[in-house]
Amino acid sequence: MLGSSRNIFRRLATSSRVLSNANKKTVEDMTQEMLQMPVSRVPPTIQRFATSLKMKFKSDGLDQSVKSILDRASAQLYYNCADNYDFAKLCEAFGLGDYMSSWYKLTLMHTWMVLMRLHSEFDGKAYMRLQRGLLSTMWLDIDNRLGIVSKELNQIMTGQNDMKHMHGLHLQTFFEYDEGFLHDDRVLAGAIWRCLYMNREVDPIHLLKVVTYMRSTVAWLETQDTNQILVEGISEWKQLRPST
């Protein structure tokens with residue numbers, strides 16, 4: 001496994017050197033380009049399908065072996081974010097109800113933490129491929145989960161308005177957590193209140209627990225080897241306790 005991990009690092013490093021010779025862009029550069037693009041009127045489901053096709057067939061300057069590594073890692077990491085945290089324990093600790101919406105918001109939180117950890121590890125193109133692969137897997141999984149719930153309740157839950165609301169919350173969550181995390185706990189708590197609690201009344205103790213959980217989890221992720229994260233994923237979510 002160690003040899004495989006080193007080989008992956010070598011391939012990623014080689015790909016980065018190739019890209020650096022041809023107008024290498026940072027994650028921030030590509031994000032600004034995306035923000036300046038006009039809003040699409042194409043339904044989200046079709047957009048996701050088109051994105052998947054582009055990722056598969058469009059050349060982005062990355063080595064094919066690196067693409068395969070990133071695509072496998074992105075799918076695995078999403079399911080780590082969706083399934084490997086203790087949902088019941090976190091709902092109790094954070095004062096959340098046992099709802100599909102709580103699972104979605106907690107999954108967004110863990111997805112953001114993984115992307116936060118890997119943000120500075122790759123150049124813009126490699127990171128954006130990893131991010132898009134992870135999010136494409138997320139939306140496919142959400143479609144499947146909502147389809148199952150819709151059948152059980154005999155009620156359509158995958159309408160355009162529902163998906164538009166979930167997509168909007170995803171964008172808001174990522175932007176607000178980015179800003180909040182880089183500031184003090186007060187700013188981060190405000191972001192959590194808006195994105196996790198949806199501006200509802202909340203016990204300050206619960207809010208403090210979420211702030212502590214996010215910062216300590218990201219701190220623990222920073223201690224993990226990048227190649228190990230890509231190869232083995234995150235089998236268990238841990239926190240790095242502050243030293244006294």
Side-chain angles (χ1 to χ4, degrees), residues 24-40 44 47-48 51 70 73-74 77-78 80-82 85 90 94 96 101-139 142 163-200 202 206-224 226 229-230 234 237-240 242:
K24 178 178 176 181
K25 296 181 180 179
T26 66
V27 175
E28 287 74 16
D29 293 336
M30 299 187 72
T31 300
Q32 288 301 318
E33 290 181 3
M34 292 174 64
L35 289 174
Q36 293 173 8
M37 294 174 62
V39 178
S40 175
Q47 288 186 44
R48 293 196 292 273
T51 299
L70 294 174
S74 64
L77 285 172
Y78 164 70
N80 295 157
C81 295
Y85 62 87
L90 290 188
F94 300 161
L96 299 172
S101 59
S102 297
W103 168 84
Y104 174 60
K105 289 181 286 187
L106 289 173
T107 296
L108 283 179
M109 177 190 296
H110 288 82
T111 301
W112 174 84
M113 288 192 290
V114 166
L115 292 175
M116 179 71 176
R117 164 64 179 84
L118 298 175
H119 174 274
S120 60
E121 294 293 331
F122 311 118
D123 59 73
K125 289 184 178 180
Y127 174 80
M128 295 305 289
R129 186 174 187 90
L130 180 74
Q131 183 199 61
R132 287 170 177 164
L134 196 155
L135 294 178
S136 294
T137 305
M138 181 184 78
W139 289 117
I142 288 174
M163 299 306 296
K164 184 177 180 180
H165 175 74
M166 296 182 75
H167 182 66
L169 180 58
H170 143 240
L171 294 177
Q172 176 187 345
T173 296
F174 279 23
F175 278 119
E176 294 231 32
Y177 285 174
D178 278 346
E179 182 178 5
F181 193 83
L182 297 176
H183 289 77
D184 57 26
D185 288 352
R186 177 182 59 84
V187 179
L188 179 57
I192 294 168
W193 177 62
R194 289 185 292 272
C195 299
L196 185 63
Y197 295 102
M198 308 301 291
N199 297 337
R200 299 188 181 98
V202 58
H206 291 152
L207 198 56
L208 178 60
K209 287 182 178 179
V210 183
V211 170
T212 302
Y213 178 81
M214 289 181 66
R215 290 203 182 278
S216 59
T217 302
V218 171
W220 174 75
L221 287 172
E222 292 290 348
T223 68
Q224 304 303 296
T226 301
I229 293 176
L230 293 177
I234 304 171
W237 292 88
K238 299 181 180 180
Q239 290 71 51
L240 186 66

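Keep in mind that what you see is a predicted model, and the values were worked out from it rather than measured.
- Here the two rings, on Tyr213 and Phe94, have centers that are under 6.0 Å apart.
- At least one side-chain heavy atom of Met166 sits under 4.5 Å from a side-chain heavy atom of Trp139.
- Using a 3.5 Å distance cut-off with no hydrogens or angles, the side chains of Thr107 and Trp103 do pair a donor with an acceptor.
- Taken to the nearest 0.5 Å, the CG atom of Asp123 stands 8.5 Å off from the NZ atom of Lys125.
- The aromatic rings of His170 and Phe174 stand perpendicular to each other, their planes meeting at an angle above 60°, with 30° marking the opposite boundary.
- Contact detail for Phe122 and Leu130: the closest heavy-atom pair is CE1-CD2, 4.0 Å.
- For Glu179, the CD atom counts as loosely surrounded, since its 6.0 Å shell holds 12 or fewer non-hydrogen atoms of other residues, nucleotides or ligands.
- Taking each heavy atom of Ser216 and Thr212 in turn, the nearest pair found is OG-O, 2.7 Å.
- Using a 4.5 Å heavy-atom cutoff, the side chains of Leu96 and Leu90 are not in contact.
- A distance of 9.5 Å separates SG of Cys195 from NZ of Lys105, quoted to the nearest 0.5 Å.
- A donor atom on one side chain and an acceptor atom on the other are not found under 3.5 Å apart for Trp237 and Asn80.
- When atom types are taken as modelled, the side chain of Tyr127 and the backbone of Ser120 share no donor-acceptor pair closer than 3.5 angstrom.
- The distance from atom NZ of Lys238 to atom OG1 of Thr223, rounded to the nearest 0.5 Å, is 9.0 Å.
- For the atom pair CG of Leu169 and CE of Met198, the computed distance is 5.0 Å after rounding to the nearest 0.5 Å.
- Tyr177 places a side-chain heavy atom less than 4.5 Å from the side chain of Leu196.
- Side-chain contact check for Arg132 and Ser74: no donor-acceptor pair (N or O, by modelled atom type) lies under 3.5 Å.
- Close placement of the Tyr85 and His110 rings is indicated, their centers lying within 6.0 Å of each other.
- Remark: the backbone N or O of Leu188 is not paired with any side-chain donor or acceptor of Asp185 at under 3.5 angstrom.
- Distance check, rounded to the nearest 0.5 Å: SG of Cys81 to CE of Met109 gives 11.5 Å.
- Judged purely by atom type and a 3.5 angstrom limit, Arg215 uses its side chain to pair as donor or acceptor with the backbone of Phe181.
- Closest non-hydrogen pair, Leu207 versus Ala189, comes out as CD1-O, 3.7 Å.
- The closest donor-acceptor contact from the side chain of Thr217 to the backbone of Met214 lies at 3.5 Å or more, if one exists at all.
- Counting heavy atoms from C-beta outward, Leu118 and Val114 have side chains that approach closer than 4.5 Å.
- Under the 3.5 Å distance criterion, the side-chain polar atoms of Arg117 are matched with a main-chain donor or acceptor of Leu221.
- Atom CD1 of Ile142 sits about 4.5 Å away from atom CE of Met138, to the nearest 0.5 Å.
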Leu182 and Met116: CA distance, side-chain angles, deciding distance, side-chain contact (heavy atoms from CB on, under 4.5 Å) verdict: CA-CA 11 Å; Leu182 297 176; Met116 179 71 176; 4.1 Å; yes
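- Among residues two or more places apart in sequence or in another chain, the side-chain hydrogen bond (donor to acceptor under 3.5 Å, both in side chains) test is passed with Thr173 by none.
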